[in-house]
Q: 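One structure, pasted below without further comment.
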Amino acid sequence: MDFNTLVERVVHDTTQVSLWLFAPELVLCVTIVLLLFVRLFNADRFIPTYWMALLGALVSFMFSLTQFYQLRTEVLDSSTFFTGLLVFDQFTAFFRLFLSLFLTFVVALTVLSGIPDEEDGPDFYALLLGSTIGMMLMTSANHLLMLFLAVEMTSVPSYAMVGFLKGRKLSSEAALKYVVYGAGAAGVMLYGLSLIGGLLGTANLPEMADRINMIVSGEAGMSDATVRTLMLAALMVLVGVAFKLSIVPFHFWCPDAFEGASAEVAGFLSVASKGAAFALLVRFCLALIGDPSGASLSNMYVSLGIGIGVIAAVTATFGNLAAYAQTNIKRLLAYSTIAHAGYMLMAVGALLVILNAPADSGINVHTEAIRCIEGLLYYLFVYMFMNLGAFAVVALIRNEIFSEEISDYAGLSQQAPALCICMAIFMFSLTGLPPLGGFFAKLVIFASLFKAGTVHWSMWAILAIGGLNTVFSLFYYIRVLKAMFIAPATEQSKRVAVPTIASAYIITVSVPVVLLGIAIQGLSQTAQDVANVILP
Amino acid sequence: MSLSPTFLLTAIIFTPALGALFLAFFNKKAVEPMRMTALVFTVVTFMLTLFLLNDFSAAEPGIQPVQEDGTRGVSHVWIESWNINYQLGYDGISVPLVLLTSFICMLAMLASWSIEKQVKGYLILYLLLETGMLGVFLALDFFLFYVFWEVMLLPMYFLIGIWGGPRKEYAAIKFFLYTLAGSILMLIAMLMFYFGSSNLPGGSSFDILALTQIGQGNVAGITFDRTVQITAFILLFIGFAIKVPTFPFHTWLPDAHVEAPTPISMILAGVLLKMGGYGILRIAFPICPVGAQYAAYALVVIGAVSIIYGAFAALAQTDFKRLVAYSSVSHMGYVLLGIAVWKIGEDSAAVGRDYWLMGMNGAMFQMLAHGVSSAGMFFMVGVIYDRVHHRDLNQFGGLAGLMPVYTGLAAGIFFAGLGLPGLCGFIGEVFVILSAWNYSPVLAIIAASGVILTAGYILWTIQRVYLGPEYKGPHAEAIVPMNYREMTVGAILLVFAIILGIYPESMFGIMRESMAYLVQSLDQGYQNYAAAVQSTSEAISGILK
């Protein structure tokens, strides 16, 4: 094959195939460039930059929707693109849809809440969109190198966004903390990736499982040096992901970063980066296992699954207990975010355990594995609305009363009833009470844990802890509502007049939270189909 | 007039919710129109439940309506991928409770005129609460049941938390946490059933009727084995016992009842507590007969302890409302006792099944009677509290002279709670205690002695509050006779307490066949299980030989 053919092929592959599949990201890239150009030529005085960002996010969403629809109707097939570095399937499309929809909502929120101001608009939206592109890449990574690049591309703009409120000391401190932790985690992750690449001789995710079966013979355990190294490497990669997910013990950055950052940024980070990281985690785990019936390391993977489950239980418990003591609403929500990452991680633990169930366990591995992923996807989707909603309420109230202390919310329900009722919906959904979306999401995850318990009893213990946590969590969520609805307004309370459009926005976000708890079938079925595609 | 069953049942459940939605568009200053609207919606709901009573056939023991193809209840697909249905139905157990719910809600709405703060929010939450309660009694899909069960929690939290007394925040959160903890246990049991029924033709199911058939061993090839039944029963029982509430899960009740505003106390005592008993009758016992039989002795003991403990605790109270709250614990003990007196003999068939049936009937009647009498007692406390703003028993006295009508009505209602023959409280208690004798004479004697304690605290209360020479407490000037609205509520409750007392057949007639069927099927279910164990062990010993 001479050089010209090679180039031709690459060009053909890029222009004819890849670029269309890459369209949602591409739209965001173009928007970023435009944003920067607008700034360069001082045109941002005439065109408000948020309109450009909003338009870019919307177009990206439309492309994602089209592609998802095409995949569902089998106009498009799953494939890899950019010479196998990225993969395009329903899972990718689902998460692109998720991320671009979320991006649209976040940009709309920033328009309403006025952070960033006109001056900083182009910079902020460039960072926001750039970070989203990184997240989209995370969900479609098919190669260890891509995986790392995507994680970094997500992280670097996030650091800057956390420190975006330049004048505030707290904000700079938060950004610095985030950077230092992030760099450390990235280093560990990169080392793990290099170990895997070196051991297996490939960095392609789909080839990993076969290579592992090749180099590990029969019933190898921890006594085998190769297995040991492999497990160490896998753990190191998980550390990197755990940092993004703010899993205990890699969660320390989270409350500080959220407190320092503006509520809009915190809302964005708490949902989007979690969603992307979970997509990555699922892809990585599935690549590691490959075809479960042929995996020679089944026992190791079951242990890994239990380990993840235990960490998830610890994370949920820690998040919920730590949230008790918080007086700042953003810190409280930060700890709640940690707890929710714990619940969602439980689904991943259950997935690993179920996929590697021994043949005589009598469960239908495929059906049950689908349930685990369905739980995760449903949870993320509901979580997007309920968490964004909560942060949005915080942002809008901050604009009115200039405070983020829970005690300052006293008596708010009289002055801004719509906002407070929506906040109640978000809080109850976060607790997991029917008839709200958070309940069904939690039920699916609990159901998959219950089923995983038939493979290994420890999953039942984790289920019990998860249930207990639900009761714990009620206590602090309701504290916020107590301040809003029950506590009488104090003398110092400021007059609050939330603009109608802001209330309309919050109501728009709260509608899906309620709907997803009643009209469940659509998303449940979609999530099952998506899960069906990526499972072996 | 005949309505399609789906429409009628849906209308009963969601009419109050519709009212809540309607009220959302009112100006919050239009207090009186909003109250009237809310009252109209509760009355309409009550009318609809009367239609239900009209459609109900007392001779049919199982779930109604029976479709042409023989399936029971109405069912529509809700979440297909999980095999969850919007499934509703009613039988002789749920119909009286549905009637009680809409009836008490209507009266409590009349009593809600005393609420003057944030009326709009109050009425909306009140109507949502009614939707949740009616949904619980009519749902036949476990998932749907669970959803309604929780739906009722959210308004309740705010109703106690915003409109309650001085310690309202503590009481509201305590109520919420207790119930949520119970719900989580129920959720786990629900998952056990769901995955345990995966061999059904249609796949795993939350259908309570199908699960009941499996649990009673009537479905070939699928059973819930002993361990599953016992575990699930304990989980469910704790969940429901918190709601009943029985000792030792009762500690939320005095706080919640005392702090709640009067109408909400009426609903709490009159309806919410019944949901625990209903859950035991509809879900815990039918699906887990083996677990229920295993735990029967413990349940009877818990019931007896609740009776005595509640009565002693009531004797010790100086707060009028707290006394009534503890009397609820005591009275609901009879319910548990009556349900659980299931004695089996060597051949695993029930011994003296008719006594057990009598206990069940008594328990069910006790729920209804307590629904009327306790709602009445809380209302009576509320009437005097609205006037003098304190509830200290030692500072009352002499009300009989100042408020003669009130005193007359209150005395009637309190005697109904006491269990005076001719009033509603008597029937249930007698049935339960008689049936308990068959189970264990000792426990029957203990339970019966509770009646004396009850008489003690109620008579003592009447003496301290209504008798005596004169009222010496604070706000003596505010004591005025009852107005017509209050009189209406009190009189209606007393009338029903008397009707139930002298003509218990009015309720027994509705529930008799369903109760007999329940007892018979539980007995049969346990025997099926024992026979299966027997044949397995015979097969094993055959192989060994």
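The sequence lines fix the lettering, A, B, ..., with proteins before strands; numbering per chain opens at 1.
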Q: State whether the number of non-hydrogen atoms from other residues, nucleotides or ligands found under 6.0 Å of Glu80(B) atom CD is greater than 12.
A: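 Open: at most 12 neighbouring heavy atoms sit under 6.0 Å from CD of Glu80(B).
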Q: Can you confirm whether Tyr157(B) sits close enough to Ile486(A) that some side-chain heavy atom of one is under 4.5 Å from a side-chain heavy atom of the other?
A: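 Sidechains of Ile486(A) and Tyr157(B): in contact.
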Q: Counting only heavy atoms closer than 4.5 Å, note whether Phe143(B) contacts chain A via side chain, backbone, both or neither.
A: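 When you check distances to chain A, only side chain atoms of Phe143(B) fall under 4.5 Å.
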Q: Against chain B, label Arg479(A) side chain, backbone, both or neither, depending on which of its atoms sit under 4.5 Å from a heavy atom there.
A: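 Looking at Arg479(A), nothing touches chain B.
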Q: Heavy-atom count check: over 12 atoms from other residues, nucleotides or ligands less than 6.0 Å from Lys29(B) NZ?
A: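 Not buried by this count: 12 neighbours or fewer within 6.0 Å.
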Q: May I ask you to test the Ile478(A)-Ile173(B) pair for a side-chain heavy-atom distance under 4.5 Å?
A: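 Contact flag for Ile478(A)/Ile173(B) side chains = yes.
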Q: Using non-hydrogen atoms and a 4.5 Å limit, figure out which bit of Trp163(B) sits close to chain A: side chain, backbone, both or neither.
A: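 It is neither, since no heavy atom gets under 4.5 Å.
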Q: Measure Glu374(A) against the heavy atoms of chain B and call it side chain, backbone, both or neither at under 4.5 Å.
A: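 Side chain only.
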Q: Distance from Leu463(A) atom CG to Ile188(B) atom CD1, nearest 0.5 Å?
A: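 Answer rounded to 0.5 Å: 4.5 Å.
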Q: I need the Tyr194(B) OH to Phe450(A) CZ distance, nearest 0.5 Å.
A: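 Output value for this atom pair is 12.5 Å.
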Q: Which is it for Leu443(A) and Met190(B) under the side chain to side chain contact (heavy atoms under 4.5 Å, CB included) test, yes or no, and what are the steps along the way?
A: CA-CA 10 Å; Leu443(A) 175 77; Met190(B) 191 165 104; 4.3 Å; yes
Q: Rounded to the nearest 0.5 Å, how far apart are OG of Ser81(B) and CD of Gln525(A)?
A: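 Those atoms lie 5.0 Å apart.
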Q: With a 4.5 angstrom heavy-atom cut-off, is it the side chain or the backbone of Leu187(B) that approaches chain A, or both, or neither?
A: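 Interface part for Leu187(B): side chain.
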Q: Using heavy-atom distances under 4.5 Å, tell me whether Phe472(A) contacts chain B through its side chain, its backbone, both, or neither.
A: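 For Phe472(A), neither part sits under 4.5 Å from chain B.
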Q: Return the option, out of Ala447(A), Ser524(A), Gly522(A), Gly467(A), with the maximum number of heavy-atom pairs under 4.5 Å with chain B.
A: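 Answer, by heavy-atom pair count under 4.5 Å with chain B: Ala447(A).
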Q: Out of the candidates Val151(B), Val147(B), Leu180(B), only one should pair with Leu433(A) under the side-chain contact (heavy atoms from CB on, under 4.5 Å) rule; please name it.
A: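 Of the listed options, the one satisfying the test is Leu180(B).
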Q: Would you compute the distance between atom CD of Gln118(B) and atom CZ of Phe485(A) and round it to the nearest 0.5 angstrom?
A: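 If I round to the nearest 0.5 Å, the distance is 9.5 Å.
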Q: How long is the span from the CH2 atom in Trp82(B) to the CD1 atom in Ile520(A), to the nearest 0.5 Å?
A: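 Between atom CH2 of Trp82(B) and atom CD1 of Ile520(A) there are 10.0 Å.
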Q: Could you look at Ile184(B) and say if it's the side chain, the backbone, both or neither that has a heavy atom under 4.5 Å from chain A?
A: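 For Ile184(B), the contact with chain A is made by the side chain alone.
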Q: Measuring only between side-chain heavy atoms, which start at C-beta, is Phe195(B) closer than 4.5 Å to Thr454(A)?
A: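 Not in contact.
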Q: Would you check, one step at a time, whether the test ring pair (Phe, Tyr, Trp, His ring centres under 6.0 Å) holds for Phe475(A) with Phe176(B)?
A: CA-CA 9 Å; Phe475(A) 199 77; Phe176(B) 206 156; over 10 Å; no
Q: Working to the nearest 0.5 Å, report the span between CZ of Phe428(A) and CG of Leu154(B).
A: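 Output value for this atom pair is 5.0 Å.
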